[in-house]
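Given the structure is predicted, the values throughout are model-derived calculations rather than measurements.
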Amino acid sequence: MAVVSQEAINEFEALMEKVDESLKRTFQNVHQGYPHETLTRFLKAREGNVPKAHTMLVDCLKWRVQNNIDDMLSKVIVPVDLYRAIRDSQLIGLSGYSNEGHPIFAIGAGLSTFDRASVHYYVQSHIQINEYRDRVILPAATKKYGKHVNKCIKILDMTGLRISALNQIKILTLISSIDDMNYPEKTLTYYIVNAPYVFSACWKVVKPLLQERTRRKIDVLSGSGQDELLKMIDYSSLPHFCQKTSGSSNHLDVDAENCYSLEHPFHQQLYAYIKQQALMLEPIKPIKHGSVHVTLPEDADGMIAKTLESELEKLTDADGSPESFKDLRIIDNQKS
């Protein structure tokens, strides 16, 4: 990870003074009162190279303006049954905070199906969670813990993972690309838990699709990861899939609260916040129902297809590789 000097930050800051006013306005929603720390994030994402970091940030701000990201937290996904279907198939939740104040986001990577709505709804929901994290969750953590908190921890649960999960690699890579380009350096560490035997095969395919700076943050833990995670997280803040019953290494705590559920306080508060923001904007901009179409990375499709073809060919040609690789198809997920 590049060490960012004060000189580089000053140079970057001077360049940002020259951008259009519309970009400066959306930059305020990005930095939330911490512009230098935000410039540092983008510099780290470009290995300390100021011109490259400046290009990355300006592209991010243009993307925000073009796609009206500043108002994303007022775009209600309705009816609520549709939102519930998205929550049931795009498993994510906030389980608590680390001892250092970092929000703990749980992700059900193994059981997420992304098959209950169009790709646009899943992208919209993902961006809304990102924006809520950055504009509500992290500022609240900063106030509570008395220090600037600008990163979260993500725990990826691989329970239920199958080779067929690679069918969803397109939408997952699109979402990952949005994060890499527009929300860089927001995750401290990615912990992978409950990894089944097929994880190693899937990982060989997925790994080349990830940015190197992302791969460096991934830590695969043994079993549910509870022993390692408890060194930095209280038991009450562990995701439900990491909470084992006393004296057991195999059985999870059946009383643990499912943070994926729409009934979980995090999702109730998030959905209520979005509805409230929508009502506040309604006199100015009539509420439009339907998914929000956000500009996706232009070269993502070609990159995904080329990489997948190469990596899957390696695996199917290898001795003893899973036969099911031959039947994989990449789902476009454009259902309306």
Side-chain angles (χ1 to χ4, degrees), residues 26-34 37-38 41-42 44-45 56-57 59-77 83 86-87 89-95 97 101-109 112 114 117 119-142 148-156 171-190 210-211 213-214 217 259-260 262 264 266-267 269-275 277-278 291-297 300:
T26 195
F27 184 48
Q28 292 178 355
N29 270 331
V30 174
H31 68 62
Q32 290 293 309
Y34 293 90
E37 288 80 358
T38 301
R41 285 198 295 109
F42 279 83
K44 287 183 176 180
M56 182 185 188
L57 179 53
D59 287 345
C60 164
L61 299 179
K62 288 180 178 178
W63 172 82
R64 293 183 64 89
V65 171
Q66 292 166 1
N67 293 282
N68 203 20
I69 301 299
D70 287 344
D71 288 338
M72 187 61 75
L73 287 176
S74 64
K75 310 296 185 182
V76 187
I77 296 177
Y83 189 69
I86 292 171
R87 293 280 59 83
S89 55
Q90 184 185 28
L91 301 178
I92 185 171
L94 178 70
S95 65
Y97 296 81
H102 298 108
I104 309 296
F105 281 91
I107 300 172
S112 291
F114 296 95
V119 63
H120 301 292
Y121 276 119
Y122 287 115
V123 169
Q124 176 181 345
S125 174
H126 179 79
I127 293 175
Q128 286 179 331
I129 290 175
N130 278 356
E131 291 293 309
Y132 189 71
R133 174 198 65 195
D134 293 351
R135 293 197 242 170
V136 179
I137 298 293
L138 289 174
T142 294
H148 184 215
V149 180
N150 69 342
K151 294 180 185 291
C152 66
I153 291 172
K154 292 183 179 179
I155 303 178
L156 284 68
I171 185 173
L172 291 171
T173 307
L174 288 173
I175 288 174
S176 176
S177 297
I178 287 173
D179 284 353
D180 284 335
M181 300 306 298
N182 302 294
Y183 302 92
E185 299 298 317
K186 297 299 292 188
T187 302
L188 187 66
T189 310
Y190 300 85
L210 301 176
Q211 297 284 339
R213 56 189 167 86
T214 300
K217 297 178 182 179
C259 62
Y260 300 149
L262 181 57
H264 188 275
F266 167 70
H267 286 298
Q269 292 163 12
L270 169 61
Y271 199 62
Y273 182 90
I274 293 173
K275 289 193 293 184
Q277 295 300 306
S291 62
V292 175
H293 288 220
V294 174
T295 304
L296 302 175

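The minimum heavy-atom distance between K217 and R213, with the atom names listed, is CG-O, 3.5 Å. When all heavy atoms of L94 and H264 are compared, the closest pair comes out as O-CE1, 3.2 Å. Scanning both residues, Y132 and L270, for their nearest heavy atoms gives CG-CD1, 3.4 Å. Residues L262 and H267 approach most closely at O-CB, 3.7 Å, considering heavy atoms. In terms of heavy atoms, D134 sits closest to Q32 at O-CG, 3.5 Å. Listed here is the closest heavy atom pair of V149 and T142: N-OG1, 2.9 Å.
Applying the ring pair (Phe, Tyr, Trp, His ring centres under 6.0 Å) test to Y190 and every residue at least two apart in sequence or in another chain returns nothing.
Annotation: cation-pi pair R87/Y83 present, NZ/CZ under 6.0 Å from the ring centroid and within 45° of its normal.
For the pair V292/Y121, no side-chain contact is recorded, criterion being any heavy-atom separation below 4.5 Å from C-beta on. Residues N29 and R135 form a side-chain contact, since some pair of their non-hydrogen atoms from C-beta on lies under 4.5 Å apart. Residues M72 and V294 form a side-chain contact, since some pair of their non-hydrogen atoms from C-beta on lies under 4.5 Å apart. A 4.5 Å side-chain heavy-atom check between P184 and M56 finds at least one atom pair inside the cut-off. Inter-residue side-chain proximity for V123 and H293 is flagged as unmet; no heavy-atom pair is nearer than 4.5 Å. Side chains of V30 and R41 form a contact here, defined as non-hydrogen atoms less than 4.5 Å apart. Residues F114 and V119 form no side-chain contact, since every pair of their non-hydrogen atoms from C-beta on lies 4.5 Å or further apart. In this structure, the side chains of I274 and S74 stay at 4.5 Å or more apart for every pair of heavy atoms.
In this structure, the separation between CD1 on I69 and CD1 on I127 is 4.5 Å, given to the nearest 0.5 Å. Here the CG atom belonging to L91 is positioned 3.5 Å from the OG atom belonging to S112, to the nearest 0.5 angstrom. To the nearest 0.5 Å, atom OG of residue S125 and atom CD1 of residue I92 are 7.5 Å apart. Here the straight-line distance linking atom CD1 of I153 with atom OG1 of T189 works out to 6.0 Å at 0.5 Å rounding. Summarising the geometry, atom CD1 belonging to I137 is positioned 12.0 Å from atom CG belonging to N130; distances are rounded to the nearest 0.5 Å.
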Side chain to side chain contact (heavy atoms under 4.5 Å, CB included) evaluation trace for W63 with I178
CA-CA 10 Å; W63 172 82; I178 287 173; 4.0 Å; yes
Evaluate E131 against D71 for side chain to side chain contact (heavy atoms under 4.5 Å, CB included), listing each step before the verdict.
CA-CA 10 Å; E131 291 293 309; D71 288 338; over 6 Å; no
Give the C-alpha distance, both sets of side-chain angles, the deciding distance and a yes or no for side chain to side chain contact (heavy atoms under 4.5 Å, CB included) between C60 and F42.
CA-CA 10 Å; C60 164; F42 279 83; 4.1 Å; yes
When you look at Y273 and Q277, which way does the side chain to side chain contact (heavy atoms under 4.5 Å, CB included) test go after all the steps?
CA-CA 6 Å; Y273 182 90; Q277 295 300 306; 3.5 Å; yes
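Side-chain contact, Y260 with Q90: no donor N or O sits under 3.5 Å from an acceptor N or O.
Ring-centre distance between Y122 and H126: not below the 6.0 Å cut-off.
A side-chain donor-acceptor contact under 3.5 Å links T38 to the backbone of Y34. The backbone N or O of V65 lies less than 3.5 Å from no partner atom in the side chain of T26, so there is not a single donor-acceptor pair. Judged by distance alone, with hydrogens and angles left aside, the side-chain atoms of Q128 form no donor-acceptor pair with the main-chain N or O of L73 at under 3.5 Å. Formation of a donor-acceptor pair under 3.5 Å by the K154 side chain with backbone atoms of I107 is not found in this model. With hydrogens and angles disregarded, a donor-acceptor distance shorter than 3.5 Å links the side chain of S177 to the backbone of T173.
Look at E37 and K151 and you find no salt bridge, because none of the NZ, NE, NH1 or NH2 atoms lies under 4.0 Å from a carboxylate O. Between D179 and K186 no salt bridge is recorded (no basic side-chain N to carboxylate O distance below 4.0 Å).
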